[in-house]
Amino acid sequence: MVSREDALRLRGVSKNYGPVKALAGVDLTVRNGEFVVLLGPNGAGKSTLFQILSGLFVPDAGEVLVGGFDMRRDPISALKRLGIVFQQSTLDLELSVYANLMFHARLHGLPGSVARERIASEMERFGIAGLARETTRKLSGGNRRRVELARALIHRPSFLLMDEATVGLDPPSRRDLLAHVARLRDEGQVGLLWSTHLVDEASEADRVVVLHRGRVLFDGTPREMTAAAGEAEFGDAFMAMLASPPEAGAREPAGVAP
Amino acid sequence: MTGRHALAALVAISWREIVKFTHQKGRLFSAIVRPTLWLIVFAAGFQNVFGVSIIPPYESYITYQEYVLPGLMGIVLLFNGMQSSLSMVYDREMGVMRLLLTAPLPRWYTLLCKLAAGTLLSVVQAYAFLVTAWLFGVTIPWSGWITILPALVLSGLMLGAIGLALSVHIRQLENFAGTMNFVIFPMFFVSSALYPLWKLEESGAVAVWRAAQVNPFTHAVELVRFAAYGQLNGMALAVVAGSTALFFLLAVVGYDPQRGMIARTRQAAA
């Protein structure tokens with residue numbers, strides 16, 4: 001059943017590291033069944049934003065709602081509705097694929113029969129059923145990512161966070177992962193936020209959010225973004241937007257306390 | 001978090017620690033060999049040097065091997081407790097920590113599961129050593145095999161909690177060995193594990209004697225020693241229980257993203 005709440009709602013999220021404003025009043029919504037790409041160069045604040053979305057960091061100001069639940073006030077309900085594929089692998093390389101998936105299912109408190117059935121169906125969906133007994137250390141980068149994507153869906157989240165998930169993958173694995181994500185979007189059960197610094201990964205998105213120096217520079221469809229920048233190609237539009245941001249950058253000179 | 005969810009998470013975290021333990025073939029072996037060497041070589045060599053007078057809980061003269069046995073069980077718990085801190089640092093390096101910290105569980109409970117899993121392994125190893133010592137002819141009364149169980153569990157929890165609290169501050173696996181040198185060896189030597197504390201006082205090493213008295217490891221060893229002879233050392237129980245609570249609290253605060261060292265050190269690194 002699809003919740004009526006937005007998969008993700010961020011209001012005025014700010015985070016400072018000393019004098020540096022990593023995030024300055026970020027607003028962002030991901031609706032159910034929507035595939036949103038968060039695009040930004042390195043250092044734009046994507047990593048900080050993802051740490052906040054996953055509850056690993058606490059913002060200095062603003063609120064984060066996952067499936068309608070506040071990450072600060074009710075983190076357990078929010079985390080139940082959140083699936084995450086981290087940029088860095090978080091698989092236990094000493095355990096088998098099945099053991100990694102079962103570990104996650106138990107952390108989410110799924111009863112054994114439900115866990116077994118969902119693990120089987122997710123492994124089937126991502127074409128890794130034959131690898132169940134393999135130690136994850138032996139898997140290719142692409143297959144490890146598939147395992148992580150399958151794992152992130154076992155507890156049926158309403159919001160899926162994917163942080164630079166294609167880093168280190170070869171082109172076929174990258175294409176394969178994007179195709180899986182596009183299918184997830186088409187199934188309409190989960191809202192997806194996909195962060196990347198690679199513009200070509202944004203072409204499949206329903207919406208693109210450009211983050212630059214801790215602020216949202218643009219939020220709209222890829223077509224709207226190209227039109228707004230007055231460019232023919234999406235990649236050129238992104239570069240043009242970074243070159244002449246609509247607003248002044250958020251980063252203040254070092255040494256100026258907030 | 002429902003009771004069923006809590007149990008499932010406890011099973012998951014414990015099961016993972018047990019599987020990893022069974023994969024590390026040398027770990028049980030070295031956990032047993034270390035104290036056995038102390039018992040067979042060190043204690044045999046020194047038994048005529050250390051005369052042990054009759055002190056509670058002993059009711060008659062005992063051999064040095066008998067005296068040192070609870071202390072050596074203590075070191076099994078101490079090593080494994082620190083191993084649990086190593087496991088936290090390893091999980092952080094491997095990224096599994098993120099998975100644990102983003103699970104829909106109260107953070108204190110996730111840490112408690114880690115602690116419980118580590119303590120289970122500690123107690124199993126302590127008993128494995130007790131069996132080994134028995135094979136070499138050094139043992140405690142048979143009833144003591146049962147009465148030490150709660151003492152081993154509580155002492156294991158305390159040393160594991162110290163390990164967890166330390167793991168907040170150990171940033172990388174490479175730093176682990178150094179930290180352990182400054183934790184394991186002082187805790188072991190400045191305690192009642194190898195010699196009764198009155199020996200330290202008698203020999204005039206007053207500073208060491210005082211340090212040994214406040215060393216929680218001393219109280220863990222005494223708790224086990226008294227329990228082995230069916231007695232309860234109230235003071236040891238109070239110190240061990242209090243230290244367990246204190247160090248566990250420090251670990252929980254340390255892993256709290258709003259207040260802890262994790263947040264502060266990440267900010268400093270950013």
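Chain letters run A, B, ... following the sequence lines, proteins first, then strands; residues in each count from 1.
Using a 4.5 Å cut-off between heavy atoms, B/Tyr90 touches chain A through its side chain atoms alone. Contact of A/Ile84 with chain B is made through the side chain alone, with heavy-atom distances under 4.5 Å. Using a 4.5 Å cut-off between heavy atoms, B/Val96 contacts chain A through both its backbone and its side chain. Heavy-atom distances place no part of A/Arg81 under 4.5 Å from chain B, backbone and side chain included. Neither the backbone nor the side chain of A/Leu82 comes within contact range of chain B; no heavy atom of the residue lies under 4.5 Å from a heavy atom of that chain. Using a 4.5 Å cut-off between heavy atoms, B/Glu93 touches chain A through its backbone atoms (N, CA, C, O) alone. Only the backbone of A/Ser89 has a heavy atom closer than 4.5 Å to any heavy atom of chain B. Heavy atoms closer than 4.5 Å to chain B are found in both the backbone and the side chain of A/Phe103. For chain B, the nearby part of A/Gln88 is the side chain; its heavy atoms alone come within less than 4.5 Å. With a 4.5 Å cut-off on non-hydrogen atoms, A/Ala99 touches chain B through its backbone and its side chain both. Residue contact with chain A, scored on non-hydrogen atoms closer than 4.5 Å, involves the backbone and the side chain of B/Ile13 alike.
Between A/His155 and A/His108, the ring planes lie parallel to each other; the angle is under 30°, not in the 30° to 60° tilted range.
The candidate from B/His23, B/Arg4, B/His5, B/Met94 with the greatest count of non-hydrogen atom pairs under 4.5 Å with chain A is B/His5.
Residues A/Arg72 and A/Glu63 are not paired through a salt bridge, judged by the lack of any N-O separation under 4.0 Å between the basic side chain and the carboxylate. Using a 4.0 Å cut-off between charged side-chain N and carboxylate O, A/Arg156 and A/Glu122 make a salt bridge. Of the charged side-chain nitrogens involved, at least one lies within less than 4.0 Å of a carboxylate oxygen, so that A/Lys46 and A/Glu164 count as a salt-bridged pair.
Contact annotation: the side chain of A/Leu211 never approaches that of A/Leu217 to less than 4.5 Å [non-hydrogen atoms, C-beta and beyond].
When each of A/Leu10, A/Val66, A/Val13, A/Asp163 is checked for a side-chain contact (heavy atoms from CB on, under 4.5 Å) with A/Leu53, only A/Leu10 meets the rule.
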With side-chain contact (heavy atoms from CB on, under 4.5 Å) as the criterion, how do B/Ile18 and B/Leu120 come out once you've worked through the C-alpha distance, each side chain's angles and the decisive distance to 0.1 Å? CA-CA 9 Å; B/Ile18 292 166; B/Leu120 175 68; 3.7 Å; yes

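Annotation: cation-pi geometry not satisfied between B/Arg27 and B/Phe21 (NZ/CZ under 6.0 angstrom from ring centroid, within 45° of ring axis).
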